[in-house]
Number of protein chains: 2
Amino acid sequence: MSEKIIEAQDIILGRVNQICRKLGLNNVMAQLYTINYLNDKPMSLDSMVERLKISKGSVSVNIRALERYGAVRKVWVKGSRKDYYEAETDIIRVIMDRVKSLARDRISEAGSMLTVSYDTINNGNQSDKEEQEEADKFRNKLDMLKKLHQKAQYMLDLLNSDILNNMLNIKNIKGDEKESSAANA
Amino acid sequence: MSEKIIEAQDIILGRVNQICRKLGLNNVMAQLYTINYLNDKPMSLDSMVERLKISKGSVSVNIRALERYGAVRKVWVKGSRKDYYEAETDIIRVIMDRVKSLARDRISEAGSMLTVSYDTINNGNQSDKEEQEEADKFRNKLDMLKKLHQKAQYMLDLLNSDILNNMLNIKNIKGDEKESSAANA
DNA sequence: TATATCGTTTAGAATGTTCTAAACGATGCG
DNA sequence: CGCATCGTTTAGAACATTCTAAACGATATA
């Protein structure tokens, strides 16, 4: 690969690194995805090691995580018994799938948490009037959280709906200069 | 505060901790926000220290970060010269503001990154035909990223639009049992 | 079967982060 | 003033993570 291309790619890799730092994401995974996305040919583990200058063990672990998330695919290359990978080019889908998966788990966990917390506060035999008042106020807070929980569930349903997905796919972007139909070669 | 309430709150605090672990968020900030949200009265630094069993320095730093993000407010309490805080109860707004702020910065940075990468690849005088072909393929990838960048900008505009915000506020939740008007005491 | 070439696993080093205790500066109050 | 009570800052300890090199196991090939 030419020096110019490597230089231009490294600019992107550097930015990816910064983004991961800021957002608390796994840098190796992000960079692995990036080079697979930018490269035209499927890449072997060794070529990724060479490209990013990291250990093979790290590549092995993180590329499989990417595969699990549907971000890269293992592809067969004739005449080689190495593993080759290529990136799923629909980045938005990759991200949305991950976000939805995380959100679904969190919402589910929050639901059972609320149940347990309700039970705990209700199983008390408050003799004191002061304490009873406190408990009522806390129950009000739990009710607010319950509403929030339902709203989160609603938002997740929205993410899963066709409406949003169609918007993200079909909607033409301002300044697209009539080349959208010619671009899908 | 009664034991029952503390127990019920701790269930929530435990879950908050797990969520932070999974999503790579700052646990102290999240727990500080949580107790301020759950408590009816504004809290002093000392009461937060006592409640979460963490150092005052940590509370000091993190509560100010929360204040900067608009998640808590400093409030005046008569007859005390301590600082008291109370939580902004519109959690969705707090989260959305933070997400939008992060997204805006990342999108802006990505834009300049693409410019630099374009410049780098274009400033080469490719004599080799092979290299020129490689460069063209790479430019195609950059074009794809440019499209993605525009789409991200479009999504951010959508987040800032009234449409989405109205949906999140007005839309009644399924199973709301006609109590929505009576609830805002 | 012996050997070479893969990908995977893992112990421990290197690195980052998060927390606390103590020092510090500021401010109110007698 | 001098003391007491705040919130803030910081050096370093405690903790968690990420990475690597090397050992390992599996598989193809001769």
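Side chains included, hydrogens not; waters and symmetry mates left out as well; all remaining heavy atoms used. All chains are named by letter (A, B, ...) in the order of the sequence lines, taking the proteins before the strands, and each is independently numbered beginning at 1.
Screening residues 24-44 of chain B for salt bridge (charged side-chain N to carboxylate O under 4.0 Å, His left out), with sequence neighbours left out, gives A:Lys137-B:Asp40. Pairs engaging residues 58-70 of chain B under the salt bridge (charged side-chain N to carboxylate O under 4.0 Å, His left out) rule: none recorded [sequence neighbours left out].
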Quick test: give all pairs of protein nitrogen or oxygen and nucleotides 26-30 of chain D nitrogen or oxygen below 3.5 Å, distance rounded to 0.1 Å.
none

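DNA chain C is contacted by B:Lys53, B:Ile54, B:Ser55, B:Ser58 of residues 44-80 of chain B, taking any non-hydrogen atom closer than 4.0 Å.
Remark: A:Met113 engages B:Ile11, B:Ile12, B:Arg15 in a side chain to side chain contact (heavy atoms under 4.5 Å, CB included) (not counting sequence neighbours). Not a single salt bridge (charged side-chain N to carboxylate O under 4.0 Å, His left out) links A:Glu134 to another residue, sequence neighbours left out. Shown here are the salt bridge (charged side-chain N to carboxylate O under 4.0 Å, His left out) partners of A:Lys82, two or more places apart in sequence or in another chain: A:Asp46. By the side chain to side chain donor-acceptor pair (under 3.5 Å) test, B:Arg51 is found to be paired with B:Gln9, B:Asp10, residues two or more places apart in sequence or in another chain being considered. By the salt bridge (charged side-chain N to carboxylate O under 4.0 Å, His left out) test, A:Asp97 pairs with A:Arg93, sequence neighbours left out. Not counting sequence neighbours, B:Asp143 has no partner by the salt bridge (charged side-chain N to carboxylate O under 4.0 Å, His left out) test.
Residue B:Tyr84 belongs to a hydrophobic cluster whose other members are B:Val75, B:Val77, with links defined by side-chain heavy atoms closer than 4.5 Å.
Each end of the helix from C:dT1-D:dA30 to C:dG30-D:dC1 gets its own axis, taken as the rotation carrying the C1' atoms of four end pairs onto the next four within a five-pair window, and the two axes meet at 0° to the nearest 10 degrees.
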